[in-house]
2 protein chains.
Amino acid sequence: MAERRTSPISGENLLFLTDEQLRKGIEAMFFAYRGFTADPDRILEQHGYGRAHHRALHFINRTHGTTVNNLLGLLGVTKQSLNRVLRTLIADGLVESRVGRTDRRERNLFLTEDGRKLERALSEAQRERMRSAYRAAGPQAVAGFRQVLEAMMDDEIRHQYASLRDRRP
Amino acid sequence: MAERRTSPISGENLLFLTDEQLRKGIEAMFFAYRGFTADPDRILEQHGYGRAHHRALHFINRTHGTTVNNLLGLLGVTKQSLNRVLRTLIADGLVESRVGRTDRRERNLFLTEDGRKLERALSEAQRERMRSAYRAAGPQAVAGFRQVLEAMMDDEIRHQYASLRDRRP
DNA sequence: TATTTTATGTCAGCCTTGTTGACATTCCAA
DNA sequence: TTGGAATGTCAACAAGGCTGACATAAAATA
């Protein structure tokens, strides 16, 4: 018994892998995600939009001129679902859809001035919460936060995330 | 300039608060949440259930004998929404609803043997992904992960999370 | 005791956002 | 020239949010 205590190997240093610890992480993810979406949700509501609109605006802003197909991969929904959202955003003048230059079957998507405005309002609200959380937790915690989240992603998504992450803004 | 480099104060050590860094955190949350729910979703689909059922099973399991009202607070939905889910779980024999002993207006909720079985399958799938992410990232990263998530929650939710977190299982 | 409040359940109806399936159009590429 | 890929559109459906209205039982209170 006493020998065990002197050895940091096996058991004791894996306490963070107990079901108990894992459960806390799971519940933290669930509750934190509520906070994560709360602020943009309030803004969206004023415009009669939902989270799907936010996601579309975000990724169109991130990858100017992206194609519908590429967007589908990022969002992980069907084209019919995305199309319904895109249609309203285009009709409302927040998104512009241009016929592709090299491949005219494709549509390249861009935010209009109004679209950029709303996207900025949404992302600024979300960043503000993230900023406050980052500040409260400190840089080392933030590094760990990102590491765990990346390890939690499906492989295919992690690649998409990584190429987006390293893209120049 | 050289003096700046010798001083860790101000500026340089706040790099983790740039909009760029915040954006990476936001996208990481979005993509990671997809992974977080992917495995339970597959199991739920086989039973004809959705995420709402998973959440109900999880929190009934966590707080045996909880009342409907308490559950509403944890889940953050309306009683009508919760009731629809509870009704099917009770009809399917996964949840038992007993009239309160001290206050007979209340209903105390419990998982049946079948309910515990499904809950275990769901949470084991989710824990397995979390375990793998925790293992890949290491204990220090996990501590940071939890810190940032907790800081991200709304105040009221954070209290609920904390009392649940510290509860004996 | 009489009244009000609380906890819960339920019905109806609406919205967003996901799904599948079918079909049309455009147009690149073999 | 023809097959297939990318996109759009229409219809129908389901899950799971929401609100509002109403019923019941029981507790709390005046």
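So that the names make sense, note that chain A is the first sequence line, chain B the second, and so on, each numbered from 1. The model shown is predicted, which means the values in this text are computed figures rather than measured ones.
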Candidate nucleotides C:dT17, D:dG8, D:dG4, ranked by approach to the side chain of A:A52 - the nearest: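 For A:A52, the side-chain atoms sit closest to C:dT17.
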Between C:dT16 (P) and A:Y49 (OH): distance, integer Å: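 Atom OH in A:Y49 sits about 11 Å away from atom P in C:dT16.
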Ionic contact status for B:E119 with B:K117, cut-off 4.0 Å: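 The answer is no: the pair does not qualify as a salt bridge.
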Atom-pair distance (CG on B:L109; P on C:dG9), nearest Å: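 Nearest whole value for this atom pair: 7 Å.
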Touch class at under 4.0 angstrom, heavy-atom based, for B:T88 against every strand present: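 No contact.
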Per A:N69 side chain, nearest of listed nucleotides C:dT17, D:dT7, C:dA7: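 Nucleotide nearest to A:N69's side chain: D:dT7.
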Minimum-distance nucleotide to A:H53 side chain [options: C:dT17, C:dC28, D:dA27]: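 Nucleotide nearest to A:H53's side chain: C:dT17.
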Pair A:R116 + A:E113, salt bridge at N-O below 4.0 Å: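 Here A:R116 pairs with A:E113 in a salt bridge, since their nearest N and O are under 4.0 Å apart.
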Shortest side-chain distance from B:Q80, nucleotide among C:dC11, C:dC28, D:dG8: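 Between C:dC11, C:dC28, D:dG8, the one nearest the side chain of B:Q80 would be C:dC11.
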A:E150 backbone acceptor or donor facing A:R158 side chain under 3.5 Å: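 Looks like yes, one N/O pair under 3.5 Å.
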Length of the CZ-C1' vector between B:R104 and D:dA28, whole Å: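 Rounding to the nearest Å, CZ of B:R104 and C1' of D:dA28 are 16 Å apart.
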A:R51/A:D41 ion pair, N-O < 4.0 Å: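 Result for this pair is yes, salt bridge flagged.
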Touch class at under 4.0 angstrom, heavy-atom based, for B:R84 against every strand present: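 The answer is base, as B:R84 lies within the cut-off (heavy atoms under 4.0 Å) of a base atom.
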Selected nucleotide, minimal atom distance to B:N83 side chain, candidates C:dT5, D:dC18, C:dG9: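 The answer is C:dG9, which lies nearest to the side chain.
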Length of the line joining A:K79:NZ and C:dT26:C1', which is rounded to integer Å: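 Those two atoms, NZ and C1', are 13 Å apart.
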Closest to the B:T78 side chain, choosing from C:dC27, D:dT19, C:dT8: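 The answer is D:dT19, which lies nearest to the side chain.
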Interatomic distance, B:R51 CZ vs D:dA14 C1' [rounded to whole Å]: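 Rounding to the nearest Å, CZ of B:R51 and C1' of D:dA14 are 15 Å apart.
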Salt bridge present between B:E27 and A:R62 (N-O < 4.0 angstrom):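 A salt bridge is present here (some side-chain N lies under 4.0 Å from a carboxylate O).
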Spacing between B:D103 atom CG and C:dT5 atom C1', to the nearest angstrom: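 To the nearest whole Å, that distance equals 12 Å.
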Options C:dG18, C:dA7, C:dC27, nucleotide nearest the side-chain atoms of A:R55: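 Nearest to the side chain of A:R55 among the choices is C:dG18.
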Nearest-Å distance for atom pair CG/P, residues A:L71 and C:dG18: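 In whole Å, C:dG18 P lies 12 Å from A:L71 CG.
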Any donor-acceptor N/O pair under 3.5 Å between D:dA5 base and A:R105 side chain: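 In this structure, the two groups form a donor-acceptor pair.
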Of the listed nucleotides D:dG8, C:dC11, C:dG9, the one nearest the side chain of B:R87: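 Nucleotide nearest to B:R87's side chain: C:dC11.
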Any A:S81 side-chain nitrogen or oxygen under 4.0 Å from OP1 or OP2 of C:dT17: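 Checking A:S81 against C:dT17: no side-chain N or O falls below 4.0 Å of OP1 or OP2.
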Atom-pair distance (CZ on A:R107; C1' on C:dC27), nearest Å: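 For the pair A:R107 CZ and C:dC27 C1', the rounded distance is 11 Å.
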